[in-house]
Amino acid sequence: MPLRMNGLLRKRWRYVGVFGEALMLCAARAEVGPFGQCFWVAWDRREGARYAGRSFRPGSSEVRLAGPRVEIRSPRLRASLRLSEGRPIEAICPSGSGWGWTRKRAGIAVEGAVEAEGRRWELAARGIDDESAGYHERHTSWRWSAGVGRAGDGRELAWNLVEGINDPPRLSERAIWLEGQPFEPEPVAFDGMRGIGLSDRDRIAFVPECEHAHDQNLLLVRSRYRLRFGAFSGSLGGGVALAHGLGVMEEHDAVW
């Protein structure tokens with residue numbers, strides 16, 4: 001993929017989220033044209049402590065995402081995680097005069113260790129792996145959520161839901177995994193960061209536990225980003241009641 005196509009800069013990123021009972025964490029590397037950054041956020045649910053880091057340095061190794069390995073090397077936090085396999089969904093969707101590609105795996109097992117300020121967590125949780133790239137329209141605004149949980153009958157489930165990007169009525173990136181098998185739900189409607197409507201009757205509600213935000217203005221590239229970790233409840237439709245869920249809600253607004 002060249003750096004520019006039809007006047008649009010190439011965007012690409014990889015984002016890994018881990019949603020555990022004791023600790024939730026995300027780590028990402030992103031590029032917009034020649035500009036790059038990496039960032040990470042961790043939320044200690046038991047102590048109510050948030051840790052975060054970000055780097056714009058070219059070639060920074062603060063966050064390394066290599067195949068199934070996730071490494072964070074920061075003065076505030078160190079992590080070494082390994083992702084399992086899982087059945088992915090893949091979509092190529094229009095975006096103005098451009099297009100976006102994405103491949104996502106949700107509900108995958110994540111194992112490893114995290115250390116921060118004298119504390120250590122041995123993680124055995126589930127999460128999501130998001131790989132995306134494309135020539136998205138110059139101004140793109142979207143809301144996104146991913147999470148893991150269990151249905152009322154005990155089945156494992158996970159989701160990737162979005163509004164504003166990669167979300168045509170069919171062949172979108174929207175997906176719900178039930179016992180590891182994905183299916184595409186109908187278009188969804190986000191109620192801000194309070195919940196998501198999946199139909200006239202089905203909705204999942206979100207209770208935030210922490211918030212992370214960053215804004216940037218590089219003249220050519222500007223963005224506003226909001227992230228909240230927390231708990232979910234409700235119904236995902238198709239007779240799937242969410243008995244317990246953990247995950248993330250995000251808002252993005254980018255001129256890129």
Side-chain angles (χ1 to χ4, degrees), residues 9 11-20 22-33 35-57 60 62-63 65 70 72-77 79 102 104 114 116-117 127-130 132 136-148 159-167 188-196 204-232 245-256:
L9 290 174
K11 299 92 180 179
R12 60 184 179 189
W13 62 91
R14 186 178 179 193
Y15 174 110
V16 172
V18 186
F19 312 122
L23 185 78
M24 290 197 270
L25 175 148
C26 69
R29 298 190 66 90
E31 297 175 4
V32 178
F35 307 107
Q37 64 172 292
C38 63
F39 71 91
W40 57 269
V41 183
W43 170 240
D44 179 348
R45 302 185 71 219
R46 293 174 180 167
E47 297 296 325
R50 181 179 63 88
Y51 309 92
R54 189 178 179 198
S55 176
F56 290 99
R57 291 187 294 107
S60 171
E62 186 163 330
V63 174
L65 305 172
V70 178
I72 301 173
R73 295 291 179 263
S74 166
R76 293 202 66 200
L77 180 142
T102 189
K104 291 179 167 68
V114 180
E117 298 183 355
I128 186 168
D129 186 11
D130 171 357
S132 298
H136 305 82
E137 59 185 324
R138 180 80 172 111
H139 182 204
T140 311
S141 184
W142 72 101
R143 292 188 174 101
W144 175 77
S145 175
V148 302
W159 67 89
N160 176 86
L161 300 173
V162 70
E163 182 180 38
I165 190 172
N166 296 333
D167 67 342
V188 300
F190 278 67
D191 178 17
M193 297 180 79
R194 295 175 291 274
I196 307 169
I204 55 174
F206 177 63
V207 177
E209 297 178 2
C210 81
E211 179 171 344
H212 173 75
H214 61 243
D215 301 324
Q216 68 181 34
N217 187 347
L218 302 176
L219 299 181
L220 182 64
V221 175
R222 305 187 300 277
S223 69
R224 177 184 182 274
Y225 175 69
R226 299 290 182 269
L227 171 153
R228 294 178 183 174
F229 288 126
F232 292 82
L246 295 174
V248 66
M249 292 277 271
E250 295 188 1
E251 288 183 339
H252 304 249
D253 190 85
V255 178
W256 54 1

Would you check, one step at a time, whether the test side chain to side chain donor-acceptor pair (under 3.5 Å) holds for Glu250 with His252?
-> CA-CA 7 Å; Glu250 295 188 1; His252 304 249; 2.8 Å; yes
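- Arg73 contributes a side-chain N or O that, together with a main-chain N or O of Ala79, makes up a donor-acceptor pair within less than 3.5 Å.
- Using a 4.0 Å cut-off between charged nitrogen and carboxylate oxygen, Asp129 and Arg14 count as a salt-bridge pair.
- Under the ring-ring contact (aromatic ring centres under 6.0 Å, His included) criterion, Phe206 pairs with Phe232, not counting sequence neighbours.
- Of the possible polar contacts, one joining the Asp44 side chain to the Glu47 backbone as a donor-acceptor pair under 3.5 Å is found.
- When the side-chain hydrogen bond (donor to acceptor under 3.5 Å, both in side chains) test is applied to Asn166, the partners found at least two apart in sequence or on another chain are Glu173.
- Glu62 has no carboxylate O lying under 4.0 Å from a charged side-chain N of Arg54, or vice versa, which leaves the two without a salt bridge.
- Between the side chains of Ser223 and Trp256, no donor N or O sits under 3.5 Å from an acceptor N or O.
- Under the ring-ring contact (aromatic ring centres under 6.0 Å, His included) criterion, His139 pairs with no residue at all, not counting sequence neighbours.
- Among residues two or more places apart in sequence or in another chain, the ring-ring contact (aromatic ring centres under 6.0 Å, His included) test is passed with Phe35 by none.
- Counting all heavy atoms, side chain and backbone alike, Cys26 lies closest to Leu227 at SG-CD1, 3.6 Å.
- Here the side chain of Lys104 pairs no donor or acceptor atom with the backbone of Asn160 at under 3.5 angstrom.
- Among pairs with a residue in residues 23-32, those fulfilling salt bridge (charged side-chain N to carboxylate O under 4.0 Å, His left out) read Arg10-Glu31, Arg12-Glu31, at least two apart in sequence or across chains.
- The ring-ring contact (aromatic ring centres under 6.0 Å, His included) check on Trp144 picks up Tyr15, with sequence neighbours excluded.
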